[in-house]
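All ligand and atom numbering here is 1-based and tracks the order in the structure.
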Amino acid sequence: AKERGKNSYHMFAPDLQKITSDKMFIQNELNRALALGELTLYYQPQVNAKDGAIVGMEALIRWNHPERGLVSPDQFIAVAEETGLIVPIGEWVLRTACQQNKEWQNQGLPPIRVAVNLSARQFLKKDFTQMVASTLEATGLSPQYLELEITESTMIDVHRASNTLAELKQLGVHIAIDDFGTGYSSLSYLKEFPLNRLKIDRSFVRDMKKSPGNRAIVSTIISMAHNLELNVIAEGVETDDELAFLQENLCEEVQGYLFSRPLPRDEVTTFMEEQKRR
Ligand code: C2E
Ligand code: CA
Ligand code: CA
Ligand code: CA
């Protein structure tokens, strides 16, 4: 029995230890990344579904790691959330995205929105609205050119969320519900909260051609949004068929590889200038 106990200990312990140290390792590394400027933003165009005009750019974080190269957010956002590092990281994202959008406007490009992803932890912090207001002031970006993307799970704390949303509306920034349809929250918040846009999750857009169920969900989300006077953007649009279906159903905006992958800052300028010349 002693033998077996020892063996099972050996089978179990190293894994547990590994998980903990991985998390601490990533946490240390992330701290360093933030301090040394290894975090960077990519931008993915959001376009008008009717005429293809660029209406916005979604800021998507990347970690430019000295050894591992470009690391995707799926590999570090969860740890950042657990450790609370998402708060300073999120502030950095917001400031950088607002600064960048202001810079594009200063370069004479047509004004567009910049969309910033927020984690619940960040959004539900006490002075969140104040932080957004001072970021807008410091960067000189008008609030109408900032859109904040929150998920349904952020709205589970209904009281907190509704207070913050009211303050943000007062401030003049736009709010989109990201990954709409994938959360398990009730729909009742849709009529109560001051929202601007629903963002249809890629999982519904992706298999529309094969799946009548997905087509039904997509067209229903769009008409429900319109009945509630909300706009709709579809994410993950990859094919002409998908675009055609979304256009027929009067989805206002689209985003996905069909138009562009997320681009590093310098390629955005080129992309927008080409668009302007059309
Ligand atoms: P998300 O907000 O749902 O972002 C959409 C993801 O889909 C992005 O992945 C984007 O690159 C990818 N994508 C866009 N178009 C297409 C397409 O046509 N086909 C396919 N297959 N994929 C497409 P990414 O950049 O890896 O970001 C993953 C997630 O990480 C985001 O999902 C978001 O939840 C989170 N994230 C990214 N940046 C931030 C940030 O600054 N703060 C926070 N809190 N989360 C972030
Ligand atoms: Ca998003
Ligand atoms: Ca999304
Ligand atoms: Ca998604």
Side-chain angles (χ1 to χ4, degrees), residues 30 33-34 38-47 49 56-65 69-101 113-125 128 131-132 135 146-154 174-183 195-209 214 232-243 245-246 251 253-265 267-268 271:
L30 261 180
L34 191 59
E38 290 173 12
L39 299 178
T40 181
L41 294 183
Y42 273 46
Y43 297 90
Q44 187 177 36
Q46 305 182 317
V47 310
M57 290 279 167
E58 181 179 11
L60 294 158
I61 197 169
R62 303 285 181 265
W63 180 357
N64 209 338
H65 193 281
L70 214 56
V71 181
S72 94
D74 293 331
Q75 297 192 41
F76 62 89
I77 288 292
V79 176
E81 277 169 357
E82 278 178 63
T83 58
L85 265 176
I86 195 66
V87 173
I89 290 176
E91 289 178 11
W92 175 85
V93 169
L94 184 73
R95 190 168 5 98
T96 307
C98 290
Q99 232 161 33
Q100 184 59 66
N101 199 18
R113 304 185 308 257
V114 70
V116 171
N117 291 285
L118 299 176
S119 70
R121 186 151 177 176
Q122 202 188 347
F123 182 84
L124 298 172
K125 260 198 107 211
F128 180 74
M131 191 275 289
V132 175
T135 304
L146 173 64
E147 183 153 280
L148 301 174
E149 295 194 0
I150 58 178
T151 60
E152 289 164 274
S153 62
T154 306
H174 290 192
I175 305 287
I177 304 300
D178 202 1
D179 301 335
F180 185 75
T182 61
L195 309 169
N196 301 87
R197 208 179 316 281
L198 299 186
K199 192 163 189 181
I200 304 177
D201 191 63
R202 185 173 90 223
S203 60
F204 303 122
V205 174
R206 190 171 47 202
D207 294 318
M208 278 197 306
K209 192 167 186 189
N214 274 6
V232 187
I233 182 165
E235 70 174 16
V237 180
E238 293 185 356
T239 69
D240 289 320
D241 287 340
E242 290 162 359
L243 175 62
F245 184 83
L246 291 161
C251 182
E253 295 174 6
V254 283
Q255 176 181 353
Y257 295 168
L258 181 61
F259 310 95
S260 171
R261 295 196 167 244
L263 303 167
R265 181 187 67 186
E267 287 177 36
V268 172
F271 187 88

Please could you name the atoms of ligand 1 that [X] approaches to less than 4.0 Å, counting only its heavy atoms?
X: Val93; result: 41 (O)
X: Gln44; result: 14 (C), 15 (N)
X: Glu58; result: 2 (O)
X: Ser119; result: 44 (N)
X: Gly236; result: 16 (C), 17 (C), 18 (O)
X: Asp74; result: 28 (C), 29 (C)
X: Gly256; result: 15 (N), 18 (O)
X: Glu238; result: 17 (C), 18 (O), 19 (N), 20 (C), 21 (N)

Query raised in the report: Partners of Glu242 by side-chain contact (heavy atoms from CB on, under 4.5 Å), sequence neighbours excluded?
Result: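 Scan of Glu242 (side-chain contact (heavy atoms from CB on, under 4.5 Å), adjacent residues dropped) gives Val205, Met208, Val237, Glu238, Thr239.
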Query raised in the report: Got a sec, which residues hit side-chain contact (heavy atoms from CB on, under 4.5 Å) with Glu38, two or more places apart in sequence or on another chain?
Result: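 Glu38 satisfies side-chain contact (heavy atoms from CB on, under 4.5 Å) with Arg32, Ala33, Leu36, Trp63, Pro66 once adjacent residues are dropped.
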Under 3.5 Å donor-acceptor, [X] side chain and [Y] backbone:
X: Asp201; Y: Phe180; result: no
X: Glu253; Y: Val232; result: no
X: Thr96; Y: Trp92; result: yes
X: Asn214; Y: Phe204; result: yes

Before signing off on this row, confirm whether [X] and ligand 1 have an N or O atom pair separated by under 3.5 Å.
X: Glu81; answer: no
X: Asp179; answer: yes
X: Ile61; answer: yes
X: Tyr257; answer: yes

Query raised in the report: Hey, are Glu149 and Arg197 close enough for a salt bridge, meaning a charged N less than 4.0 Å from a carboxylate O?
Result: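 A salt bridge is absent here (no side-chain N lies under 4.0 Å from a carboxylate O).
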Requested in this report: Answer yes or no: is there an ion pair linking Arg113 with Glu147, defined by an N-O contact shorter than 4.0 Å?
Outcome: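 Glu147 and Arg113: salt-bridged.
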Query raised in the report: Between Ile77, Leu60, Val71, which one has a non-hydrogen atom sitting closest to atom 8 (C) of ligand 1?
Result: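 The residue whose heavy atom sits nearest atom 8 (C) of ligand 1 is Leu60.
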**Report entry** Heavy-atom proximity to atom 12 (C) of ligand 1, best of Gln122, Arg202, Gln255
**Finding:**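 The option holding the nearest heavy atom is Arg202.
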Answer with side chain, backbone, both or neither: which part of [X] has a heavy atom less than 4.0 angstrom from an atom of ligand 1?
X: Asn117; value: both
X: Val237; value: backbone
X: Arg206; value: neither

Query raised in the report: Between the side chains of Glu58 and Gln46, does any donor sit under 3.5 Å from an acceptor?
Result: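 There is no such pair (donor and acceptor under 3.5 Å, judged by atom type) between the side chains of Glu58 and Gln46.
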Query raised in the report: Side chains of Leu258 and Asp240: closer than 4.5 Å at any heavy-atom pair?
Result: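 Contact flag for Leu258/Asp240 side chains = yes.
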Query raised in the report: Would you say Ser203 and Thr182 make side-chain contact, with heavy atoms under 4.5 Å?
Result: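 Yes, their side chains come closer than 4.5 Å.
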Looking only at N, O or S atoms, which one in [X] sits nearest to the Ca ion (ligand 2)?
X: Glu58; value: OE2
X: Asp178; value: OD2
X: Glu149; value: OE1

Requested in this report: Apply side-chain contact (heavy atoms from CB on, under 4.5 Å) to Leu146 and Val116, showing your working.
Outcome: CA-CA 8 Å; Leu146 173 64; Val116 171; 4.0 Å; yes
